[in-house]
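The next block holds one structure in the form of structure tokens; read it before the comments.
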Amino acid sequence: MKPGPFPPLAQATLALHAGTTDESDGAQVLNPLVPATSFFTKPEAVGFSANDMAEDTPFLYTRWNNPTNALLEERLAALEGGEAAVVFASGMAALSGLFLSQLKAGDHLVISSVCYAGLAEVAHDILPGLGIATTAVDTSNLEAVRAALRPETRLIHIETPGNPILRLSDIEALAAIAHAHGALLSVDSTMATPIATRPLALGADFVAHSLTKYACGHGDALGGAIIGKAQAMAALRKHALIHFGGAISPFAAWLILRGLETLSLRMAGHQAGAAAVAAYLEGHPRLRRVLWPGLPSHPQHALACRQMKNFSGMVSFSADDGPALARQLAERLQVISYAVSLGKTRSLLFYIPTEALIASSFHLDGDDARSYRDWTGDGTFRLSVGLEDPADLIADLERALAP
Ligand SMILES: *Cc1c(COP(=O)(O)O)cnc(C)c1O
């Protein structure tokens, strides 16, 4: 956009226009793709250390910042209603960078017991070795979260909806619990997207995204982001981006900017498709449980209605003979692809066996393991409903689920 001030704009407009771009006569009407790794500078313009970096430091080196990456940061901050953003090479680079810059030896982290498996493994397998204690709890249960807090708890991290079983956590309530304790709340909002939920407005301190998923939407770029207060984001840039080095390629950032332009339209399409597919699956005799936050049968449908303006396109279901059904679906599905990842224009389905995930990634025991097994049976089919005609998806599932 031309330099402001601007009237408040809706998300569909912000996704196309937010951020500073060159709008002089003859400039291109397109997000700039600047692949350069370094930029002309002057001896007095900038120091050589990231410690010398200030808000007005010009572009110097792409690991610090780059015009394409900066535009993506401005656009994400606008969509989330946050002051600033930092973009990374992947969702994991963003999340591990956030953890390692917020937590130090002696600190304690409370994390959703059900969240992205790679992050659960960082929390259980890597942080304790650095002296950072981790407690995984069912963050849909506020009492369990309160009970997990310790004097040294610095961060509560939740994912809502949580991957893969679409369990929700109440952002507003958890922000109040965190702040009353002097801790901060981070929310992985990858599955919700800013179209559904704006966690900062509900009190969260940080919003995290795997931009690889809905934000990009086309399945052709990896990226991650953290959005929050300007000062916190400047510290995160120095610590987690410049020093740990997980910078996004400007080309990936440019593809994600292109993807964001259609985010609100795509989310409307994903939600409509998921509504039709979830309603079909819910009546299917071969299945034991179908979960989608928009279904009245979802155990947290009331929270979904309060917290999500769009129920997103993720549907999860389970069957009594999961492994056998997984083989059958992988073989028979023609429109839906049997593949990992989510949030893409094309529909993707993947089967996640319960016991393997509990043992290797989530390390659940006791009540937590029981409640996870209760949600999933022997495994979860995670279906990312794409933008195909829902009637074709239903016909594909009908053929593939037949005895
Ligand atoms: C995919 C995903 C991540 C990890 O992101 P990458 O871009 O694959 O590194 C984190 N959180 C959620 C909820 C995800 O779906």
Side-chain angles (χ1 to χ4, degrees), residues 69 72 76 80 85-100 109 111-124 126 136 139-140 155 157-169 171 186-197 199 204 206-227 240-241 244-249 251-253 255-256 259-260 263 267 270 274 291 293 307-308 311-316 339-344 347-350 352 357 361-362 380-386:
N69 300 1
L72 177 58
L76 289 167
E80 284 290 358
V86 183
V87 290
F88 292 84
S90 67
M92 281 304 293
L95 285 159
S96 55
L98 178 70
F99 281 14
L100 292 174
L109 165 75
I111 187 169
S112 284
S113 55
V114 171
C115 67
Y116 187 70
L119 192 68
E121 289 170 19
V122 167
H124 291 294
I126 296 178
T139 52
S140 70
L155 185 68
H157 177 80
I158 62 171
E159 185 176 305
T160 181
N163 196 356
I165 60 172
L166 310 180
R167 190 148 73 187
L168 308 185
S169 295
I171 298 169
S186 60
V187 179
D188 184 335
S189 197
T190 297
M191 292 204 191
T193 82
I195 303 304
T197 306
F206 306 107
V207 185
H209 285 284
S210 167
L211 302 175
T212 313
K213 313 296 168 51
Y214 285 110
C216 176
H218 295 71
D220 49 13
L222 290 171
I226 306 291
I227 301 110
L241 181 64
F244 295 155
I248 191 170
S249 145
F251 184 53
L255 287 169
I256 294 164
L260 281 180
L263 181 65
M267 291 314 290
H270 286 300
L291 292 162
Q307 192 169 280
M308 303 180 77
F311 297 122
S312 194
M314 301 304 301
V315 176
S316 96
V340 293
S341 200
L342 59 98
K344 193 172 143 67
S347 292
L348 306 172
L349 177 87
F350 195 71
I352 303 168
L357 196 65
S361 303
F362 289 168
T380 308
F381 291 87
R382 184 182 71 188
L383 173 59
S384 173
V385 177

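Start at 1 and go down the list; that is how both ligands and their atoms are numbered.
For the atom pair CD1 (Ile158) and SG (Cys115), the distance works out to 11.0 Å, reported to the nearest 0.5 Å.
When hydrogens are left out, the protein atom nearest atom 6 (P) of ligand 1 is Gly91 N, 3.4 Å; that is the closest non-hydrogen contact. Of all protein heavy atoms, the one lying nearest to atom 7 (O) of ligand 1 is Thr212 OG1, 2.7 Å. Of all protein heavy atoms, the one closest to atom 9 (O) of ligand 1 is Met92 N, 2.9 Å. Closest protein heavy atom to atom 4 (C) of ligand 1: Tyr116 CE2, 3.5 Å.
Under 4.0 Å from ligand 1, the heavy atoms of Lys213 that appear belong solely to its side chain.
Each of the atoms 15 (O) of ligand 1 lies under 4.0 Å from some heavy atom of Asn163. Interface atoms of ligand 1 facing Leu342, defined by a heavy-atom separation under 4.0 Å, are 15 (O). Atoms of ligand 1 lying under 4.0 Å from at least one heavy atom of Glu159, given by number and element, are 13 (C).
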- [ ] Begin with the C-alpha distance, continue with both residues' side-chain angles, and end with the deciding distance and a verdict on side chain to side chain contact (heavy atoms under 4.5 Å, CB included) for Phe88 and Ile226.
- [x] CA-CA 8 Å; Phe88 292 84; Ile226 306 291; 4.0 Å; yes
- [ ] Would you please test Met308 and Thr160 for side chain to side chain contact (heavy atoms under 4.5 Å, CB included) and show each step?
- [x] CA-CA 10 Å; Met308 303 180 77; Thr160 181; 5.9 Å; no
Open item on the list: Set out, in order, the CA-CA distance, both residues' side-chain angles and the distance that settles side chain to side chain contact (heavy atoms under 4.5 Å, CB included) for Tyr116 and Ser210, then state yes or no.
Closed with: CA-CA 10 Å; Tyr116 187 70; Ser210 167; over 6 Å; no
Task: Worked verdict on Ile256 versus Ile248 for side chain to side chain contact (heavy atoms under 4.5 Å, CB included) - done: CA-CA 11 Å; Ile256 294 164; Ile248 191 170; 3.9 Å; yes
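Looking at every heavy atom in both residues, Pro164 comes nearest to Ser316 through O-CB, 3.5 Å.
At under 3.5 Å, a nitrogen or oxygen of Ser210, whether backbone or side chain, sits near a nitrogen or oxygen of ligand 1.
Among Leu119, Asp188, Val340, the residue whose heavy atom sits closest to atom 11 (N) of ligand 1 is Asp188.
Distances from ligand 1 to the non-hydrogen atoms of Gly223 include at least one value under 4.0 Å.
No option in Ser113, Pro161, Ser112 other than Ser113 meets the side-chain contact (heavy atoms from CB on, under 4.5 Å) test with Arg167. Tested against Leu357 for a side-chain contact (heavy atoms from CB on, under 4.5 Å), the candidates Ile352, Ile165, Val114 yield a single pass: Ile352.
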